[in-house]
Protein chains: 2
Amino acid sequence: MNTESVATRAPRRDAAENRAALLLAAKVVLNRDPSASLETIAAEAGLSRRSVYGHFVNRDELLLELVTSGARRVAISLEGLSHPDPLVRLALIASRLWQEIESVRMMAVIAIRGPLASHTAAALDPVRRIVREAITDGQRDGSMRNDLGRELLARLVEDTALLVLEESAEHPLPAREGHNLVMLMTLGVVGYGWRDAQNFIDAHHELDWTIPS
Amino acid sequence: MNTESVATRAPRRDAAENRAALLLAAKVVLNRDPSASLETIAAEAGLSRRSVYGHFVNRDELLLELVTSGARRVAISLEGLSHPDPLVRLALIASRLWQEIESVRMMAVIAIRGPLASHTAAALDPVRRIVREAITDGQRDGSMRNDLGRELLARLVEDTALLVLEESAEHPLPAREGHNLVMLMTLGVVGYGWRDAQNFIDAHHELDWTIPS
DNA sequence: GATAACTTGCACAATGCTGTGCAAGTTATT
DNA sequence: AATAACTTGCACAGCATTGTGCAAGTTATC
């Protein structure tokens with residue numbers, strides 16, 4: 001059955017674990033310092049820099065895998081997100097992003113530098129699309145401000161959500177409050193005053209905080 | 001009169017110009033790429049990397065001077081900013097920051113890396129102080145939201161203003177619109193719905209756009 | 001036009017990072 | 001217990017960057 005005729009042994013189980021440990025370490029370390037060295041990442045994973053090259057051909061390959069797996073997490077978490085009310089939809093997106101905060105921040109950080117930028121942008125494209133959709137609908141039905149263009153508003157929403165995630169990294173918030181804050185700020189950007197925004201959130205159970213699985 | 005007894009000639013005028021050119025170039029280049037090399041900066045200034053060391057002992061010295069002069073610009077532009085209404089005050093701060101956008105962005109960018117970070121933070125302290133003052137007053141008199149703590153709200157306001165400045169760097173806005181947008185977003189963060197925020201701005205001449213001097 | 005002030009180019013050392021080869025270990029699997 | 005799979009440490013090359021010395025230019029100022 002083997003492609004090669006030589007008898008080959010199955011890969012060791014701990015190898016896969018180490019690979020995963022490296023990815024996890026990278027996520028953690030890069031959240032702290034976007035330009036951390038492989039040395040630092042490997043150390044965090046409890047491995048040597050040399051052995052990184054046993055799992056990834058490149059620094060970039062490592063980041064690439066990080067980004068794609070992160071994007072997959074986010075995509076899955078956003079999957080099947082469809083609610084008639086575009087406002088609820090938008091708040092739900094914010095809510096889900098909060099649950100995937102580590103991946104999102106890591107990607108945002110990587111998206112800035114080097115050749116990974118374009119790939120990261122592409123990976124996050126689905127998120128952007130549903131954000132725009134919600135905003136288009138919201139502007140059409142009058143539930144969202146119309147003094148700003150759709151494009152601009154979409155970017156402001158994205159960046160504001162990210163802002164809250166960053167903020168909560170430097171000054172940690174109880175998960176419950178962070179979750180509420182992202183939604184609150186998102187609704188604020190699309191035009192709502194703080195009381196209205198909070199009332200809206202309180203009025204929709206879909207937006208309630210639930211302990212993360 | 002000279003400290004030294006040897007006859008000494010006055011420094012050449014173009015030296016000062018070149019020094020200024022370097023600072024300007026650094027501001028421009030670092031806005032594009034926060035980790036630009038001295039080579040790049042010198043080239044932008046039309047000088048050679050070697051001659052940078054004729055004006056500054058260090059890379060860090062250059063940045064230090066950039067930051068301090070930038071902070072001075074901002075401080076001056078914020079000088080004598082006192083209005084009874086804390087909301088107007090806050091919007092005025094946003095307005096002034098918009099006028100000093102290049103300095104502000106440059107400082108924000110530098111504030112992230114290396115040993116300059118603490119100095120930059122210190123240089124921007126006055127700005128932070130008046131922001132907090134306005135927010136304290138605003139929360140007291142009920143004109144700003146009170147569902148978020150003063151500290152948190154202050155940071156959100158700062159970051160949101162910065163967000164708009166960054167946004168306008170990537171997707172340029174007419175000065176007039178950018179100016180309005182920073183104020184709009186700032187008022188939004190402290191609790192106002194989009195119509196109320198715009199009405200507020202329109203109702204106060206102090207917040208009108210005036211061609212920059 | 002003499003000369004100090006300034007710029008330049010080159011060479012060089014030092015640093016910190018990535019990526020590779022290899023020999024010697026350790027450990028999971030068979 | 002044999003052995004392939006994996007890790008490690010070290011040495012080395014390559015690259016980009018900062019910072020310095022120096023000799024040769026250019027130019028503003030006296």
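Proteins come first, then strands; the chains are lettered A, B, ... in the order of their sequence lines, and each starts at number 1.
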Rounded distance (Å) that lies between atom [atom2] of [N] and atom [atom1] of [X]:
{"X": "B:E17", "N": "D:dT27", "atom1": "CD", "atom2": "P", "answer": "14 Å"}
{"X": "A:E39", "N": "D:dT8", "atom1": "CD", "atom2": "P", "answer": "11 Å"}
{"X": "A:I41", "N": "C:dC17", "atom1": "CD1", "atom2": "P", "answer": "11 Å"}
{"X": "A:R19", "N": "D:dC6", "atom1": "CZ", "atom2": "P", "answer": "11 Å"}
{"X": "B:R9", "N": "D:dC30", "atom1": "CZ", "atom2": "C1'", "answer": "5 Å"}
{"X": "A:D60", "N": "C:dC17", "atom1": "CG", "atom2": "P", "answer": "16 Å"}
{"X": "A:E61", "N": "C:dT18", "atom1": "CD", "atom2": "C1'", "answer": "15 Å"}

* To do: When you get a sec, tell me which of D:dG19, D:dT7, C:dT7 is the closest nucleotide to the side chain of B:S51?
  =>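 Among D:dG19, D:dT7, C:dT7, the one nearest the side chain of B:S51 is C:dT7.
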* **Modelled atom types, side-chain donor and acceptor of A:D33 and A:S35, under 3.5 Å** =>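 There is such a pair between these side chains.
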* To do: Taking only the side-chain nitrogens and oxygens of A:H55, find out if one of them lies under 4.0 Å from OP1 or OP2 of D:dT7.
  =>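 Indeed, a polar side-chain atom of A:H55 lies that close.
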* Counting only side-chain N and O atoms of B:N58, is one of them less than 4.0 Å from OP1 or OP2 of D:dT18? ->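 For D:dT18, neither OP1 nor OP2 has a side-chain N or O of B:N58 closer than 4.0 Å.
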Considering only heavy atoms and no angle criterion, is a donor-acceptor pair shorter than 3.5 Å present between the side chain of [X] and the base of [N]?
{"X": "A:R12", "N": "C:dT27", "answer": "yes"}
{"X": "A:R50", "N": "C:dG19", "answer": "no"}
{"X": "B:R49", "N": "C:dG9", "answer": "no"}
{"X": "B:R59", "N": "D:dT17", "answer": "no"}

* **Most 5' of A:Y53 and A:A10 on DNA chain C, judged by nearest nucleotide** =>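 The answer here is A:Y53.
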Donor-acceptor check, side chain of [X] to backbone of [Y], threshold 3.5 angstrom: yes or no?
{"X": "B:S95", "Y": "B:A91", "value": "no"}
{"X": "A:Q139", "Y": "A:L148", "value": "yes"}
{"X": "A:R176", "Y": "A:I211", "value": "no"}

* Taking for each residue the nucleotide of DNA chain D with the nearest heavy atom, is it B:A36 or A:N18 whose nucleotide lies nearer the 5' end? ->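 Residue closer to the 5' terminus by nearest nucleotide: A:N18.
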* **Whichever of B:R13 and B:S37 has its nearest DNA chain D nucleotide further upstream toward 5'** =>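 Whichever sits nearer the 5' end wins; that is B:S37.
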* Asked: When you look at A:V182 and A:L97, which way does the side chain to side chain contact (heavy atoms under 4.5 Å, CB included) test go after all the steps?
  -> CA-CA 9 Å; A:V182 198; A:L97 288 184; 5.8 Å; no
